[in-house]
Amino acid sequence: MNLFSDIVVRSPWLYRINAGSCNGCDVELATTACIPRYDVERLGCRYCGSPRHADIVLITGPLTLRVRDKVLRVWQEIPEPKVTVAVGICPISGGVFRGGHSIEGPIDRYIPVDVNVPGCPPRPQSIMEGVLLAKKIWLDRLNGIAPGHKEERHVSLP
Amino acid sequence: MFRFLKLLGKNLAQGPSTDPFPAKEAHTPERFRGRVVVNPEQCVGCRICHHMCAGGAIRIEDNEEKTGYNFTVWHNTCALCGMCRHYCPTKAITLSTDWHNAHTQEDKYDWAAHYSIPYLACAGCGAHIRMLPPQLAARLYAHSPVDMTDLLKLCPSCRQLAAARREEISNDTHEQE
Amino acid sequence: MTPTNKSNEIVHDALLQATELATQWTFDVKQNAFGWLRLNNTESLRPAAKALAENGARLCTMTAYVEERGENSNKKAIAYHFALANTVVTVTVPLYTAGCDTPVAVPSITSWFRNADWNEREFHEMFGIDIVDHPNPKRLFLDERLDAGIMSSLIPFSAMVHGAATRNLWEQVMAAKGVDITGSDGSYGLENPHGAPTDISTPPIEEPTFTPVSATAPENGN
Amino acid sequence: MSEALGKEFTLPLGPMHVALEEPMYFKVTVEGERVRHVEITSGHVHRGMEALATKRNLFQNIVLTERVCSLCSNSHPLTYCMAIENLAGIEVPRRAQYLRVLADEIKRVASHLFNVAILAHIIGYKSLFMHVMEVREIMQDVKETVYGNRMDLAANTLGGVKNDVDAQLFGYITRSLQRLEGHMQEIIDIYASNPMLCSRTVGVGVLPKDEAIRYGLVGPVARGSGLAVDVRRDAPYGIYPELSFNVITETGGDVHSRAMVRLREVNESISLIRQIAANLPEGKLTAPLPVIPAGQGCARTEAPRGELFYFIRTDESDIPTRLKWRVPSYMNWDALEVMMKDCAVADVSLIVNSIDPCVSCTER
């Protein structure tokens, strides 16, 4: 198995979750994903429509109370080993929305984040750097170099 | 068919529209609003940036010995809006064009710029102050006939006194002439 | 006669007839008119809405608010904003009476303005204001787990809700640098001392304010 | 399958639906392939921003309102600043007024192009989607070069604008417009006449004019139903009274008409930007700010999606006691029940997209 995974480098599939974002990061993610100018597929990644196929998940938005459980459910559906990327300052720290009555973030209160890409919104190239970093972590996890086993990574609701 | 060939020719001539990043460095416009950078020389600690910051990314607090203050910008909550830069009276804050921001979770709280800015002792009374930056002094004393450059190292009250005294003397000499 | 004056007058006359109150007018630099009318009680809302609807006004939105800032204030009011050509008319309805701050219910104006539906549901959930005869009284945006009236309970706020998250993050940022600020009472960016009157006339180039520490004074080693 | 046919059942769509950018949730009751009833569940992007605005000072709120939504991110701080300027009687310098309109029109072009691109995406016309998005990149580059960010321009501040735009940058903008215009004619032709596109959009999601009036609709949705409302003309602000532009209307009231209104408005915006470049006066960028008195003020502007309304109440402190805004999507969204009545299930996301829904705007 190890030999096989050494020879064959798999391609991570990307999935994005909007956790109550203002659209900025989502539009930039769509731009990064879907148009030839940024062409994320060059990095050996592609977007998929189902969390069950995903390897790298990109989360935007400050995590509102109303999406919290839905986001967590979708996140749990993604098979291990997965890598979580927080895109924009909102999921990382709450950004300008921190302290709002329906803000549940920062997202690492609930979900173990691996990569942060701050910006408001980050430019597509910056998002691509984040994806590259996430891909590296993901490959390390596949090869057992980096931690990230199921038992260590749990999500709990308060 | 002919139209198709024309289009093909046009597209071939145009070259690929794909941005070469990450194989090559991406083009960054001069005005790009990237990470906040503070010039400690220029900072007078007026806190207007802190007042303007909607993301709560700036923290200014005296150090333990009270000999200066620590100025911290946490990039992970900075909205890059440029309000701090716009309202900084001494232009101590700039936004760099650096957008290489992706980092791992271990670095989340390290993703900050820390500046340690010392107070000076007022040449008059010895109180802890920040030196008045020359540009700001030039604006404050724009209408004064006297050279005020050596007043910069005084605290506001000492400086006021000194400035008033000098203008008085200068007026007197003018009258005598 | 410019259209400005025309729609002004239409609104003015219609409201005067319906409520026996005169509308106050302000104008912006482009001479767009803004009308301001404060009703005495919720009873006059129906005739006012009817009069505006009959004269072709469109409901822009409504704003519910607590009139005074302060922990104990519960004087709520609703501002109804209508638009007609280049005129915006704000009809304010106080929801309290002399000596009684408990907000009274307001009649729904959905029968004249279809788009009042969402607005009314919103102030119901955000401010806990009751609506009489609403056709569709359900939550709009606010999650069921949050209490209705969350805006009015938060407006007389303390830094409690707000400061905690920011403080916690900053403690970690400074800890990463090796500075412990857990006991400090410094500001954490987003805590605005509530209600503190601040002169915002900028730019503040006059004189930066310091808290100068006298070098000669004995250090207070607390 | 045959059992389900002819029977009504409820089909949940969302909130993490692939076709939609933002979390929206519909309970669609269908009979066979036809939608009989739509129930909208909202609130997923409710961030409590109006409560937050009463905790931030007047300057912080410029940045906060810019983050209501990134697609109309310039309209929010603009209208917010205008509300305060109306309240305090601040007159914005003429150069700043020009630059404010410049930023607004650049955003309008990008926003409209994004919406019509998503339309192509939803009907599966991928090459058109990519083409329109690539054309939109011209405007994204303009935003990044002139303002420093691809989404949030941070152009406005109380009393004026923050950034000057010099002759060199205007030269760059004009060159970009020229490239954009070359593509626009082609794109408009495709949207107007492509048989595949037309068969999916013409007569779909019809909103009659009287319903548009009843729901109090604004912006391209109302104009697509033949209702000529445009705040830029009806209640002029900035330097719009001095510029010439047409209020675009279409009469079909369907998805196609709304897309055509947006596309033709892009051309109007290009012309507006050209007029600004030609007539920009010299002068200051910001007016001196007085102390903002206690009081209340309103302002309206035409955001890419329609009329945007702001209302502010202040006491003498620099923290507003109440800040309320109503975005165009607020009513347009409500009117989806009319547009989606008896439509095919496959058209749901198409119709939703045709109002250019801005969930983050609506729910704040």
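Hydrogens, waters and symmetry mates play no part in the numbers below; they use all other heavy atoms, side chains included. Per chain, numbering begins at 1; letters A, B, ... match sequence-line order.
- Between chain A and the options D:Asp152, D:Val63, D:Val68, heavy-atom pairs under 4.5 Å are most frequent for D:Asp152.
- Of the two parts of A:Cys120, the backbone and the side chain both hold a non-hydrogen atom closer than 4.5 Å to a non-hydrogen atom of chain D.
- Looking at A:Pro62, only its side chain comes within 4.5 Å of chain D, counting heavy atoms on both sides.
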*Which is it for A:Lys82 and A:Glu77 under the salt bridge (charged side-chain N to carboxylate O under 4.0 Å, His left out) test, yes or no, and what are the steps along the way?*
CA-CA 10 Å; A:Lys82 58 190 156 197; A:Glu77 281 175 8; over 6 Å; no

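- In this structure, the portion of A:Ile103 lying under 4.5 Å from any heavy atom of chain D is its side chain and not its backbone.
- Using modelled atom types, one finds no donor on one side chain facing an acceptor on the other under 3.5 Å when comparing A:Arg37 with A:Thr31.
- Side-chain atoms of D:Lys107 come within 3.5 Å of backbone N or O of D:Met151 as a donor-acceptor pair.
- If you check the side chains of D:Ser329 and D:Arg305, you find no donor sitting under 3.5 Å from an acceptor.
- In this structure, the portion of D:Glu144 lying under 4.5 Å from any heavy atom of chain A is its side chain and not its backbone.
- Of the listed residues D:Glu134, D:His131, D:Met133, the one with more heavy-atom pairs under 4.5 angstrom with chain A than any other is D:Glu134.
- For the pair D:Glu66 (side chain) and D:Ala154 (backbone), a donor-acceptor distance under 3.5 Å is present.
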